[in-house]
Amino acid sequence: MPHFGGNSIMKITIAEAGNHAGKEVTIGAWLANKRSSGKIAFLQLRDGSGFIQGVVVKSDVGEEIFQQAKSLTQESSLYVTGVVQEDSRSPFGYELSVTGVKVIAEAVDYPITPKEHGTEFLMDHRHLWLRSRKQHAVMKIRNEIIRATYEFFNEKGFSKVDPPILTGSAPEGTSELFHTKYFDEDAYLSQSGQLYMEAAAMALGKVFSFGPTFRAEKSKTRRHLIEFWMIEPEMAFYEFEDNLEVQEQYVSHVVQSVLKNCQLELERLGRDTSKLEHIQAPFPRITYDEALKFLHEKGFDDIQWGDDFGAPHETAIAESYQKPVFITHYPTSLKPFYMQPDPERGDVVLCADLIAPEGYGEIIGGSERIHDYELLKQRLEEHNLDLDAYKWYLELRQYGSVPHSGFGLGLERTVAWISGVEHVRESIPFPRLLNRLYP
RNA sequence: UCCGCAGUAGCUCAGUGGUAGAGCAAUCGGCUGUUAACCGAUCGGUCGCAAGUUCGAGUCUUGCCUGCGGAGCCA
């Protein structure tokens, strides 16, 4: 028997295999799948860093090790020792010529077999489903998007600021909030950190947040989660147009980073990368009025000025562009109280939604914020909001108010779009859905 | 909440009123380059739950439960 984990054989990860070609190494791994014949066996190994095939040849390892390899069960954990071989037949470029296998823990009757499964079954086994090649690839892309986000904002001089998750008042009156108790008081789970980020921008200039948000909406579509993650930048002295430029640069940077650093993952997902390659700033912009005219020309007669766009409308608009498209200057009545009116037209606000291509819907909502104290107070009253609860927010306009803008990007929709997965439930490790709180 | 579809073996499904089926998984055997490997055999069932129609219900009717797809709302 060969030795395992001893001093003479280096323990490496699969991702590092290319640096050890021709050398004998040990890999801690799980058995994703296996195939075998009378005299050769193929072990599909994964260790989180990647996937590699182990080849066990009976005439090389002898009867005992060969029989052991043949009897391994799916998802058993192993220390596999072997020689790293460059091999053009492997999509990864390398194989492991196995010299020995040590079982750490045997897995009996792993539920997710290498065949097709339904959504309910896979979601019930989400804790195991994450191990599959496709889900692994989506999680790696999610991680790359997060990494590229920090990189982008750090390079641009932003500071990361963390708004609270437990809040006493509703940032927006529209969405349903999760209610909880804060000792004897009522409290709500945050559905946006924006108002706090505005305060932070007055302290630190350019800031961004990255955290979970909660919407108790009975939404049941491929674009909705109950708990999802948002990136919310807020910038002092940035006006409407400055805001759009940050957004298109940020989204472009994220897409290009994934293209550069996640090639294997995109390939494994079968993503058509040609549709991502030209995602470069600037992005097209159309106003709400222009979008409405376009929709009427397309034959949508179910919508008139002052109505919000539905999913079919957004998709129709997105389909006529190769890039994400900004829809700007929505009617004031459709948008939250804090958005700055267009100085040339009081009935629309300086806002923009960014609609992703290929039917993934709105990935960003943003606007210039009202910085005039009297106007903001008036809007709060118009929306029947409690002035006491918003006292601190109004004070931002009393002490050195400046023009400022910001936006919120929905991480899961962005992951789903870039990965090309159909549903946002696959773009977060443990999705919280209308009828699912477990696992 | 509304509209539509579905629930049969561990998984994916076929079975439209007359003996409960297939592929995969599992178990055993065969196979020296497999890529959801393949070939042979074995094992595997409260047909979502309840009531009804019928000589007879997986199949038809009603109610309920669960899930999926979409809508509204939103990122």
Side-chain angles (χ1 to χ4, degrees), chain A residues 32-44 51-61 66 70-71 73-75 85 87-92 95 97 107-125 129 132-134 172-177 191-194 212-232 268 302 307-315 334-336 353-356 359-366 407-417 422-425 427-428 433-436:
Chain A
N33 195 10
K34 74 159 195 270
R35 284 175 280 278
S36 67
S37 68
K39 291 168 185 166
I40 189 167
F42 302 98
L43 310 178
Q44 310 303 323
F51 293 81
I52 195 169
Q53 173 164 272
V55 184
V56 189
V57 179
K58 188 177 178 181
S59 59
D60 291 349
V61 298
F66 185 73
K70 276 195 76 164
S71 67
T73 56
Q74 190 191 357
E75 286 304 318
Q85 309 276 11
D87 195 309
S88 58
R89 286 170 291 194
S90 158
F92 175 57
E95 288 189 337
S97 194
V108 179
D109 291 335
Y110 187 70
I112 304 180
T113 58
K115 289 287 168 185
E116 60 190 47
H117 299 281
T119 304
E120 185 189 5
F121 178 81
L122 289 170
M123 276 300 167
D124 284 343
H125 296 85
W129 188 23
S132 75
R133 279 180 156 81
K134 185 179 170 188
E172 299 174 37
T174 52
S175 296
E176 298 272 345
L177 294 165
Q191 60 169 0
S192 167
Q194 183 204 312
T213 50
F214 308 88
R215 306 266 167 103
E217 290 163 356
K218 308 261 183 194
S219 297
K220 202 171 137 18
T221 80
R222 68 191 188 98
R223 300 181 303 279
H224 286 88
L225 293 167
I226 304 300
E227 176 182 304
F228 66 99
W229 287 64
M230 268 209 296
I231 290 131
E232 293 185 281
R268 189 173 299 142
D302 57 335
D307 292 340
D308 208 352
F309 299 142
H313 306 120
E314 280 185 1
T315 302
L334 290 178
K335 291 293 177 182
D353 289 351
L354 186 67
I355 313 297
Y360 286 93
E362 183 186 342
I363 54 171
I364 287 180
F407 63 95
L409 173 133
L411 178 65
E412 285 74 20
R413 287 188 185 176
T414 306
V415 173
W417 163 49
E422 272 296 304
H423 199 299
V424 288
R425 67 185 162 217
S427 66
I428 186 169
L433 300 161
L434 199 50
N435 297 311
R436 182 170 294 279

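Below, chains carry the letters A, B, ... as their sequence lines are ordered, and counting in each starts from 1.
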Does the aromatic ring of A:Phe228 sit over the six-membered base ring of B:rA75, closer than 5.5 Å centre to centre and tilted less than 30°? yes

So for A:Gln53 and B:rU34, does any side-chain atom that can act as donor or acceptor lie under 3.5 Å from a complementary atom in the base? yes

Separation of the C1' atoms in B:rC31 and B:rC47, to the nearest angstrom: 38 Å

When the P atoms of B:rU59 and B:rG15 are compared, how many Å lie between them, rounded to an integer? 14 Å

Any sub-3.5 Å donor-acceptor pair from A:Gln85's side-chain atoms to A:Ser97's backbone N or O? no

Write down the distance separating the C1' atoms in B:rC13 and B:rA25, rounded off to the nearest Å. 15 Å

Polar side-chain contact A:Ser219-B:rC73 base: donor and acceptor under 3.5 Å: yes

State, yes or no, whether a side-chain contact exists between A:Gln191 and A:Glu217 at a heavy-atom distance under 4.5 Å. no

For atom CG of A:Asp308 and atom P of B:rG72, their distance in whole Å: 10 Å

Quote, to the nearest angstrom, the P distance that separates B:rG72 from B:rC60. 33 Å

Give me the distance, rounded to whole Å, that separates B:rC49 from B:rG7 when you measure between the P atoms they each carry. 13 Å

What distance, rounded to whole Å, do you find between the two C1' atoms, one in B:rU16 and one in B:rG58? 10 Å

Show me the protein contacts with nucleotides 2-7 of chain B, counting only N or O atoms at under 3.5 Å.
none

Given the C1' atoms of B:rG45 and B:rC11, what is the spacing between them in whole Å? 14 Å

B:rU61 to B:rG4 separation - P atoms, rounded to the nearest Å: 15 Å

When the ring planes of A:Phe121 and A:His125 are compared, do they come out parallel, tilted or perpendicular, using 30° and 60° as the limits? tilted

